[in-house]
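Read the structure below first, then the notes.
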Amino acid sequence: MDYGELAFELIKGMKALHKIKTHRSINDALQGEAFVLDCIALGDGDVLPGEIGQEMNVSSARVAAALNSLEKKGLITRRIDTNDRRKILIGITPEGKKLAETHQSAVLGLAAKMLELLGDPDATEYVRIMKKLTTLLPEYKEQT
């Protein structure tokens, strides 16, 4: 098998997918303020900014910028941890929780529609391959 040619076709397909609004909406949900809000909403209570940065794999400056924006919009709260005053805990407001739930529902709906378009066997295979890649790629990175 020519993996170079297959890789070319993969990249070409990924670029084409990136141009499609539905796929872009899902990608947007996995980065930026929407992702930060979802991280906080899905957590068990307050979260630390560092935990958000680890989940997103971004710098603390990028997390801080997103948190500043979300706080100005009234979607999150910040408070000092009473057990360790060096830590700032991030919580979600009722408005933020509602927005996160609406956002998550919309994104899941888009993803479900994309999988439905593939049909049962291809959708199942696509998800299986994505899960496999999420297992293999971190191991590959450690080897290089």
Side-chain angles (χ1 to χ4, degrees), residues 3 6-144:
Y3 287 107
L6 204 52
F8 178 79
E9 291 298 320
L10 174 68
I11 299 301
K12 194 165 98 177
M14 290 172 75
K15 285 179 180 178
L17 265 179
H18 186 70
K19 293 178 184 177
I20 298 170
K21 184 179 179 184
T22 303
H23 191 263
R24 272 198 332 263
S25 296
I26 292 171
N27 277 346
D28 291 347
L30 301 175
Q31 54 194 344
E33 288 182 20
F35 190 88
V36 171
L37 198 59
D38 287 349
C39 283
I40 299 165
L42 294 174
D44 294 330
D46 296 329
V47 297
L48 297 168
E51 293 170 338
I52 297 168
Q54 284 180 321
E55 184 69 25
M56 294 181 70
N57 196 28
V58 297
S59 70
S60 58
R62 186 156 177 207
V63 171
L67 292 175
N68 288 338
S69 177
L70 291 169
E71 187 175 33
K72 285 179 187 172
K73 295 174 183 176
L75 301 173
I76 65 162
T77 60
R78 296 185 209 210
R79 67 180 178 81
I80 296 172
D81 186 344
T82 55
N83 296 323
D84 184 347
R85 297 190 54 78
R86 296 170 295 173
K87 294 180 182 177
I88 302 293
L89 299 173
I90 309 299
I92 191 163
T93 65
E95 296 83 11
K97 183 78 168 167
K98 184 178 178 182
L99 181 60
E101 288 170 354
T102 300
H103 183 258
Q104 290 166 6
S105 177
V107 170
L108 283 174
L110 288 172
K113 186 62 181 170
M114 284 176 48
L115 292 171
E116 184 181 329
L117 290 170
L118 287 174
D120 290 349
D122 286 345
T124 302
E125 189 68 2
Y126 180 74
V127 171
R128 182 192 70 75
I129 291 168
M130 290 295 293
K131 286 180 179 178
K132 186 173 183 176
L133 279 173
T134 61
T135 302
L136 294 175
L137 288 177
E139 294 171 7
Y140 173 76
K141 184 179 177 183
E142 291 172 7
Q143 295 172 4
T144 59

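It should be emphasised that the depicted structure is a prediction, and the values quoted were computed from it without experimental measurement. Heads up: numbering here begins at 1 and tracks the sequence.
By the side-chain contact (heavy atoms from CB on, under 4.5 Å) test, Val58 pairs with Met56, Arg62, Val63, sequence neighbours left out. In this view, Lys12 and Phe8, Glu9 satisfy the side-chain contact (heavy atoms from CB on, under 4.5 Å) rule, not counting sequence neighbours. Listed by chain and number, the residues in a side-chain contact (heavy atoms from CB on, under 4.5 Å) with Arg86 are Asp84 (sequence neighbours excluded). Taking the salt bridge (Lys or Arg N to Asp or Glu O under 4.0 Å) definition, one finds that Glu51 meets it with nothing, sequence neighbours left out. Checked against salt bridge (Lys or Arg N to Asp or Glu O under 4.0 Å), Lys19 has no partners two or more places apart in sequence or in another chain.
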For residues 105-117, which side-chain donor-acceptor pairs fall under 3.5 Å, sequence neighbours excluded?
none

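Leu67 has its side chain within reach of Pro49: a pair of non-hydrogen atoms, C-beta onward, lies under 4.5 Å apart. Here the side chains of Leu42 and Gln104 are in contact, with some heavy-atom distance below 4.5 Å. A heavy-atom distance below 4.5 Å is not found between the side chains of Leu75 and Val36. Put simply, the side chain of Leu48 reaches to within 4.5 Å of the side chain of Leu89, judged on heavy atoms.
Surrounding CD of Glu71 are more than 12 heavy atoms belonging to other residues, nucleotides or ligands, all under 6.0 Å away.
Separation of atoms CD1 (Ile90) and CG (Leu37) is listed at 11.5 Å; rounding is to 0.5 Å. Rounded to the nearest 0.5 Å, atoms CG (Leu10) and OH (Tyr3) are 13.0 Å apart. In this structure, NZ on Lys73 lies 12.0 Å from OG1 on Thr93, to the nearest 0.5 angstrom. Atoms CD1 and CG, from Ile88 and Asp46 in turn, are 11.0 Å apart once rounded to the nearest 0.5 Å. In this structure, CD1 in Ile129 is found 12.0 Å from OG1 in Thr134, a value given to the nearest 0.5 Å. Atom CZ of Arg85 sits about 4.5 Å away from atom CD1 of Ile80, to the nearest 0.5 Å.
Summarising the geometry of Ile92 relative to Thr77, their closest heavy-atom pair is N-OG1, 4.4 Å, with the distance given to 0.1 Å. Taking both residues in full, the closest heavy atoms of Gly74 and Glu95 are given as O-OE1, 3.8 Å, listed atom of the first, atom of the second, then distance. Here the closest non-hydrogen pair linking Asp81 and Asn83 is OD1-N, 2.9 Å. Between Arg78 and Ala64, the shortest heavy-atom distance links the atoms NH2-O, 4.1 Å.
Salt bridge Arg128/Glu125: present, at least one basic N to carboxylate O contact under 4.0 Å.
Side-chain atoms of Ser69 never come within 3.5 Å of backbone atoms of Ala65 as a donor-acceptor pair (strictly under, hydrogens ignored).
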